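Notes follow the structure.
In what follows, chains carry the letters A, B, and so on, assigned in the order in which the sequence lines appear, proteins first and then strands, with residues in each chain numbered from 1. Side chains included, hydrogens not; waters and symmetry mates left out as well; all remaining heavy atoms used. It should be emphasised that the depicted structure is a prediction, and the values quoted were computed from it without experimental measurement.
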Amino acid sequence: MNRYRPLSELAKTIRSKNAGVDKITFDVIFTDRAAYDLVRRSRALTRESVARLYNIPESRISDFVEYDPGCAIKFTILRVRPSGSPGDSDIFGSQQYAPLLDVPVDLSA
Amino acid sequence: MASVRIICPNGHLGFAPLKPESFEIGVAARPDFIAADSGSDDIGPVPLGSDTCASPQAWQRHDLEAMLLAARRIGVPMIIGSAGDTGTNSRVDLYVGMIKDIAAQHGLAPFRLGYFYSEVDKERVRRAIRGGDAVEGLDGRPALSESELDATDRIVAMAGVHPFMKLLDMGADVIIGGRSSDCAIFAAAALHKGCKEADAYYLGKVLECASFCAEPYGAKETVLGAIDGEGVTVTAMHPGQRCTIASVAGHAMYERSSPFFEHFVGGHLDMTHCHYEQVDPRTTRVTGQVYAPAPRVRVKLEGSGKVGERYVGLAAIRDPYTIAHVDEVIAWAKAQAAERFGDKPYELHYSVYGRNGVMGDMEPVKTPAHELLIMVQGVAPTAEMAEEVCITGTRQLFYARLPEVKGTAGGVAFPLDEVLHASAGYRWTLNHTLAVDDPMELFPVHMVQVAG
């Protein structure tokens, strides 16, 4: 059995969306507590790993939250320019989550 | 014990039509209010800056008609916030006109229509800056400068519960609000009925996106929220949807950087210690929310300023060598524009679809596709100049000089000869807060009798 599984096979919802005009927020939501706890233990999603994945300095991650009531890991990125400025290609911020789908999660964690 | 029942049929009225089946089930449940939010800053700065809607009038009218007829039929107030996507004065007037038209068309019995405005005069903001009362930036922005204010075309303030409650106290049957916090539209109704702040604001927070707090996913369906003594309950009205612990708790984080705090005029809601309980298959109860009043009232301001007129051009590439050197192709076109326009003010933006058009520098995939589409945006003070900037930035891609390219009869494929006139370019100049002594100061209210 593979030691790693992609995050998309463990999470129910992986999404991104504007949080106001200067930020995009990312939600990774699990249906069961066990998967949520496993991903947290694996450290697959941390400020550092997310900054590396998106090739941004950690200072652009304004919030990183493990939200127990929603079985969710949530982080928020500051945009380089406000939403909808000329040259912004995702006014709603809704297609920025795709790289999270393939994040490998260590099942032995 | 104070109680209230509110239905919400649409999380952004007008952006897509409400679904009538679950709405009628909600109306049959005899709510005390029918309410919906009609605006969002998600749509970008163009509608606010240019004072236009992002939604078609037919869809706005469709939902206003459904809500007005239902509310008048069962004799309860109807409340709309952030009229016409942006909540500017002209959008409030547009909705007020639609309500009057619908009432006349259906011969409704007379009712009282209350409305309020949210636009803020730039000079009011300038006085605060000059008076040393900083207009503080949100989300890491610096305090507002006069130059950013000067670059702004239109400002709206985000109303809290105050103008809605004022109009309810004045006896309004229908309220059309200017720009407002989503949660305030519903919270005002609950507070009007004497409910506690914590429950009232949580009710607003959970209802504002309608069925986004239910599962399975399905937008534009009606949900019913209630305060009945202990906390807040929320129930899906669509027979196939449920409000579960997971869906309701999950909604608290939607479109917010923190799932624990919701800010509005006069305070915030702390959801850190919320407790969620499934009370029947379609209903979840939430308790433990806490209301925290602010020491000083600060009102959020949204402002949009014009960057320039805008044209869009399209060019595609199939040659693998050109794809590998696309940055040099773009650099060539930019250099030609710089040569032509020099120090004149203009902007050229390139999005390279098939490489990183959606994510830009955040894209981790570095291998481009076998074909690319380049979208070019040219922005300049006049339409004539924007068109020429854009056509220069697009057509010169064709003439880029790559040393080893085999094809020397044109470096890109054009789907169109011309460039396209797009909406003007705007940017969010204000995402700030202004201190006020009176939370009603920025929101003048009006009341008229609609004859039907």
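Looking at every heavy atom in both residues, Met253(B) comes nearest to Ala72(A) through CE-CB, 3.3 Å. Considering all non-hydrogen atoms of both residues, Asn431(B) and Asp22(A) come closest at ND2-OD2, 2.9 Å. Residues Gln377(B) and Gly87(A) share a closest heavy-atom pair of NE2-N, 3.5 Å. Across Arg141(B) and Pro82(A), no two heavy atoms sit closer than the pair NH2-CG, 3.3 Å.
Only the side chain of Val307(B) comes within less than 4.5 Å of a heavy atom of chain A; its backbone N, CA, C and O stay farther away. For chain A, the nearby part of Tyr276(B) is the side chain; its heavy atoms alone come within less than 4.5 Å. Contacts between Ser257(B) and chain A at a heavy-atom distance below 4.5 Å involve backbone atoms as well as side-chain atoms. In this structure, chain A has no heavy atom under 4.5 Å from any part of Leu348(B). Proximity to chain B is absent for every atom of Ile24(A), based on heavy atoms less than 4.5 angstrom apart. With a threshold of 4.5 angstrom between heavy atoms, Ile56(A) approaches chain B through side-chain atoms but not through N, CA, C or O.
You'll find the side chain of Pro259(B) reaches within 4.5 Å of the side chain of Val65(A), heavy atoms only. No side-chain heavy atom of Thr13(A) sits under 4.5 Å from any side-chain heavy atom of Tyr217(B).
Interface remark: of the candidates Ser40(B), Gly44(B), Ala249(B), Ala249(B) forms the most heavy-atom pairs closer than 4.5 Å to chain A. Heavy-atom pairs under 4.5 Å with chain A peak, among Ile245(B), Asp41(B), Val248(B), Val365(B), at Asp41(B). The choice from Ser351(B), Pro364(B), Gly425(B), Gly250(B) that makes the most heavy-atom pairs within less than 4.5 Å of chain A is Pro364(B).
Considering only residues two or more places apart in sequence or on other chains, Thr86(B) meets the side chain to side chain contact (heavy atoms under 4.5 Å, CB included) condition with Pro47(B), Leu48(B), Thr88(B), Arg91(B).
For the atom pair NZ of Lys17(A) and CD of Glu255(B), the computed distance is 3.5 Å after rounding to the nearest 0.5 Å. Rounding to the nearest 0.5 Å gives a distance of 7.5 Å between CG of Asp361(B) and CG of Asn55(A). For the atom pair Arg256(B) CZ and Asp27(A) CG, the distance stands at 12.0 Å (nearest 0.5 Å). Separation of atoms CD1 (Ile91(A)) and CG (Asp42(B)) is listed at 10.0 Å; rounding is to 0.5 Å. Taken to the nearest 0.5 Å, the CE atom of Met359(B) stands 5.0 Å off from the OH atom of Tyr54(A). Atom CD in Glu215(B) sits 10.0 Å away from atom OG1 in Thr31(A) (nearest 0.5 Å).
Ring planes of Tyr67(A) and Phe260(B): perpendicular class, angle over 60° (limits at 30 and 60°).
Remark: the backbone N or O of Tyr254(B) is not paired with any side-chain donor or acceptor of Lys74(A) at under 3.5 angstrom. Checked by atom type and distance alone, the side chain of Gln96(A) never pairs as donor or acceptor with a backbone atom of Met362(B) at under 3.5 Å.
Heavy-atom contacts from other residues, nucleotides or ligands closer than 6.0 Å to NZ of Lys12(A) number more than 12. When the shell of 6.0 Å around CZ of Arg43(A) is examined, it contains 12 or fewer heavy atoms from other residues, nucleotides or ligands.
The list of side-chain hydrogen bond (donor to acceptor under 3.5 Å, both in side chains) pairs with a residue in residues 77-89 of chain A, not counting sequence neighbours, reads Asn18(A)-Arg79(A), Arg79(A)-Asp88(A), Ser83(A)-Trp428(B).
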